[in-house]
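Worksheet for the structure shown next.
Computed from a prediction, not measured in an experiment: that's the story for all the values here. Chain letters run A, B, ... following the sequence lines, proteins first, then strands; residues in each count from 1.
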Number of protein chains: 2
Amino acid sequence: MSSILTPSTPRRATVVTLSELAGVAPSTVTRALKGDTRISQKTRDLILGLAKEHGYMPNALARTLSSGKSGLYGLVLGPAENPFYTELLHEATRQAEKLGFRLLIIHAGAGPIEDTTAQALIQYQVDGCIISSAILSSKAADICAQNNVPLVMVNRVALSHGCFVTCDNRAGGAEIARLLIARGRRRFGLVYTTSTSSTSREREEGFVAELEQAGFTLSHRFDGHSNYDGGFEAGREIAGLPADQRPDSVFALSDIMAMGVLDALRLASVDVPGEILVAGFDGVAASARPIYDLTTIQQPLSLMIQRAFELLQARTLDPNLPDELIAMRGKLVVRGSTGRA
Amino acid sequence: MSSILTPSTPRRATVVTLSELAGVAPSTVTRALKGDTRISQKTRDLILGLAKEHGYMPNALARTLSSGKSGLYGLVLGPAENPFYTELLHEATRQAEKLGFRLLIIHAGAGPIEDTTAQALIQYQVDGCIISSAILSSKAADICAQNNVPLVMVNRVALSHGCFVTCDNRAGGAEIARLLIARGRRRFGLVYTTSTSSTSREREEGFVAELEQAGFTLSHRFDGHSNYDGGFEAGREIAGLPADQRPDSVFALSDIMAMGVLDALRLASVDVPGEILVAGFDGVAASARPIYDLTTIQQPLSLMIQRAFELLQARTLDPNLPDELIAMRGKLVVRGSTGRA
DNA sequence: TTGGATTGCGCAAACGTTTGCGCAAAAAAT
DNA sequence: ATTTTTTGCGCAAACGTTTGCGCAATCCAA
C-alpha cells in the first residue's frame, strides 16, 4: 500500500496520510483536528486545510477502539403494527441525529430475539441501549447487564437492570376511569391484553382501582391481543351483545386496539359516543383522525426519548450512577369518542 | 492492564487474553475460532472451550479494521406515517438478523438529512446502504458513490449511482386502470402527489396511459400530499362535489392516501363501492382491514428486500459488478372497495 | 540415513485513531 | 550568563483482530 494517496488508489484520507502530507506526526493531526491548542495555530490551520481538501472523515470504528466510545446506541423495537413504536423509532432517530450519534437496530417486531442478535450490542460496543419491547427485552437486557452497557427501557418497566422511562400508566388508567364515570357511564368494558407487559398491567390496574374506589366494577373484559385485529374482534363481540348487556363504555389499553374496537362498532352501526364511549392509550397520531376522534392518554414521547438519551449519556460518563426509574404523567386528550361534554 | 482477566477487572475476554490462557499466539486463537484446520483439532477444542467458558464475543469494530467488512448496512427510511416504510423496516431488520448483520438507521422520516448523518455511512464503514426515500436520498447516495459503498434503493428509482429494486409501478397503475374500466367506470379521479418521487410519477403514468389507450381520460386530479391527511382532504373535496360531477372511481397513488379518501367518503356517507370505487397502491397490512377492504397493488416487499440484500452482498464481494435495476410486478388484490364483480 | 514434504503453529505488521509521557527549543526570570 | 518555565510538538504503545509469510518439528519416501 502506497503511503500517499494517488489517483489510482482511491483510498480514503486517514490521519496517517494527512500526517505525511503535512510533515507532522499522526498524533499531531489528531490533536489539530480536535482543536488542541497545544498544537500551534499555524499547524492546526495547515492540517484542517488538508483535511478539507482531501475529504477526510474519521473512521468511527478505529476511533472506538482507541477511545472506547462508539457513538452507537442499540434499539430494540416493538411490533410493526402499533404506530406507537414507529413514532418512537422516528423520534429516537431524530434526536440521535441531533445529538450526533447513530442507532443500531437490534430487533424489530414480533418473534424471539436471537442470541447472536443480542450479542451484537456487545460486539459493536454500543454506548447504550434503548428497549421498547417487554417480551423481547430480556435477552438484550441480560447481555447489557453482564457487560456493563447502560440500558434504558422506554414504555416498559425494567425489573432488575437498567433505567426506565415510562408513562405513568396507572395514573393514566385512573384518569380514563374518572372521565367515563363523570360521563355517567356505569357498565365498564376493558379491552385488555394477556401480554406480560408491565405497561398493560399497570394501565388496567389504574383503571380498575379507580372504578373500585368510586364504588364500581368492571362489567366486561375482552382480550384484545395487543393488536388491531384483537381490538376489532373485541368490538365485534361487544356489538354482538344485546344493547342492554353491552358495556356503555370501553377502555382499550392501547390506541391500536381502540381503533380496532371503533372500526368494528362503526361497521355494526353502533353509535359512538351515543351508545358506547371509547377510550384508548398512547396518543398516536392516527388517534386524532376524524374517523376515530379518539379520547386517549397522550404519552409524552418526545420528552421520554430525550430523557432516555440523557440517562444513557450520563451513564456513559459515569457507569456507577444508580438506576433511575422515571414515570411521566400522560395528558388526557378528550375527543369525540367519549363525547364533548 | 493486567494480562489475565481477574475477578476485579470485569473486562471482556479478547483474542489476546484467550491466547494467554491457552498458551498459544493470538493468530492461533483467531484461526481456531474460525475453524481453520491448519490448527490441530486438539488446539481448536481447547480454544473453543476457553472461549465459551469466558463468554468471548469478538469485537466487530476491531474485526472491521482488520478485515474491512463491518457487517453493518445503513438504512434511510421514508415518512413515519406511511406504514409501508414501517413494514419495510421490520422486514429488512428481520432478514438482516437472519443473515447475521445489522442495520444502522441513518435517517427516518421527514426533514433534511444532515451532512454529518450521511457521512456516518462512511465513518462506520457500512458494507452497503438501503435507501427508501427519494427526497432524502441524494446526500446519502452521493456520499456512497464517492466512497464506493454499494447502494440499493428500494421502492425508488436510482438516477445515477447504485442499484434499485422497485415494484413495476407503471404496470401496477395500468392494472388498476383496467380494473376500473372493467367495472364500467368512466369518470376517473386520481389522488396524486407533487413529490418528485419516481414511484408516484410512474404509477400515475401507468394509470393515465392505460386510460388513454382505452379511449378515456382523467376527469379529476386531487393533490393528496403523499399522506393520510392529504388523502382525507381529497376525499372531502370529492364528497363535496355534486354527485353527478364526482369521479365514479378514484385511484390514490398510495394506500395511506386511499385510506384517507375512504375515511372522508365514509364520514360524508358516500357509498363505496356503490357510488365510487376506490383503489390504492402498496398493499400495506392495514388495507385488508374490514373498515377499508381496499383494492390495491401489493408490492412484493419481502422479495424486494431479499433481492436488495443480495445485490449489496454481491457488490461487497465484487465492487465492479454493474448496477442492476430490478422492477418486480406487484399483485392486484381485489377487495370490496372496487366491488366484487 | 537423508532429503523432501507436510503439519502445526508463530511472528510481525497492519487496519486507523488516540493519548500518556516526555523531549528539545525558545522564552522568560534571576 | 545561567536556570527555570513554557511551548510545540513527537514517540510509542495501545485498542482487538487478522493474515501473509515463514519456521521448526515430524513424517514419509527413496
- Message: Quick check on side-chain contact (heavy atoms from CB on, under 4.5 Å): which of B:D323, B:L311, B:I131 does B:V152 satisfy it with?
- Response: B:L311
- Task: In whole angstrom, give the distance that lies between atom CD of A:Q125 and atom C1' of D:dA14.
- Result: 13 Å
- Minimum heavy-atom separation for A:S132 to A:L88, with atom names? CB-CD1, 3.9 Å
- Assign each of A:G23 and B:A60 to its nearest nucleotide of DNA chain D by heavy atoms, then name whichever residue's nucleotide is nearer the 5' end. A:G23
- For DNA chain C, whose closest nucleotide is more 5', that of B:S67 or that of B:S27? B:S27
- Note on the structure: Testing C:dT19, C:dT18, C:dG16 for proximity to the side chain of A:T14, the answer is C:dG16
- B:T43 vs C:dC9: side-chain N/O to OP1/OP2 distance below 4.0 Å: yes
- So, A:E310 and A:R307, do they make that salt bridge, N to O below 4.0 Å? yes
- Query: When we call it a touch if two heavy atoms are under 4.0 Å apart, what does A:A25 touch: a base, just sugar-phosphate, or nothing?
  - Reply: sugar-phosphate
- Message: Any salt bridge linking A:K34 with A:D36? Criterion: basic side-chain nitrogen under 4.0 Å from a carboxylate oxygen.
- Response: no
- Query: Just how far, in rounded Å, is P of C:dG16 from CG of B:N59?
  - Reply: 16 Å
- Nearest to the side chain of A:V24 - C:dT18, C:dG10, D:dG10? D:dG10
- Message: Below 30° counts as parallel, above 60° as perpendicular, anything between as tilted: where do the rings of A:F101 and A:Y73 land?
- Response: tilted
- Item | Interatomic distance, A:K69 NZ vs D:dG16 P [rounded to whole Å] | 14 Å
- Task: May I have the distance from A:L65 (atom CG) to D:dA13 (atom P), rounded to whole angstrom?
- Result: 18 Å
- Item | Rounded distance in Å - CG (B:D45) to C1' (C:dG8) | 15 Å
- Check the distance between C:dG8's P and B:L46's CG and give it to me in whole angstrom. 15 Å
- Taking OP1 and OP2 of C:dT17, is either one under 4.0 Å from a side-chain nitrogen or oxygen of A:Y56? yes
- Query: Any side-chain heavy-atom pair from A:L21 and A:E53 closer than 4.5 angstrom?
  - Reply: no
- Item | Expected output: side-chain A:R12 to main-chain A:M57 donor-acceptor under 3.5 Å | yes
- B:Y124 has an atom OH; how far is it from atom C1' of C:dG16, in whole Å? 14 Å
- Determine which pairs satisfy side-chain hydrogen bond (donor to acceptor under 3.5 Å, both in side chains) with at least one residue from residues 118-127 of chain A, sequence neighbours left out, and list them in order. A:S70-A:D127, A:Q125-B:N59
- Query: Looking for any heavy atom pair under 4.0 Å, which part of the strands does A:T64 touch: base, sugar-phosphate only, or nothing?
  - Reply: nothing
- Message: Below the 4.0 Å mark, does C:dT18 have OP1 or OP2 next to a side-chain nitrogen or oxygen of A:R63?
- Response: yes
- Whole-Å distance separating the CG atom of B:L61 from the C1' atom of D:dA14: 16 Å
- Just compare D:dT17, C:dG10, C:dG16 and give me whichever is closest to any side-chain atom of B:S66. D:dT17
- Query: Between residues 28-42 of chain B and DNA chain D, which residues have a heavy-atom gap below 4.0 Å?
  - Reply: B:T30, B:R31, B:K34
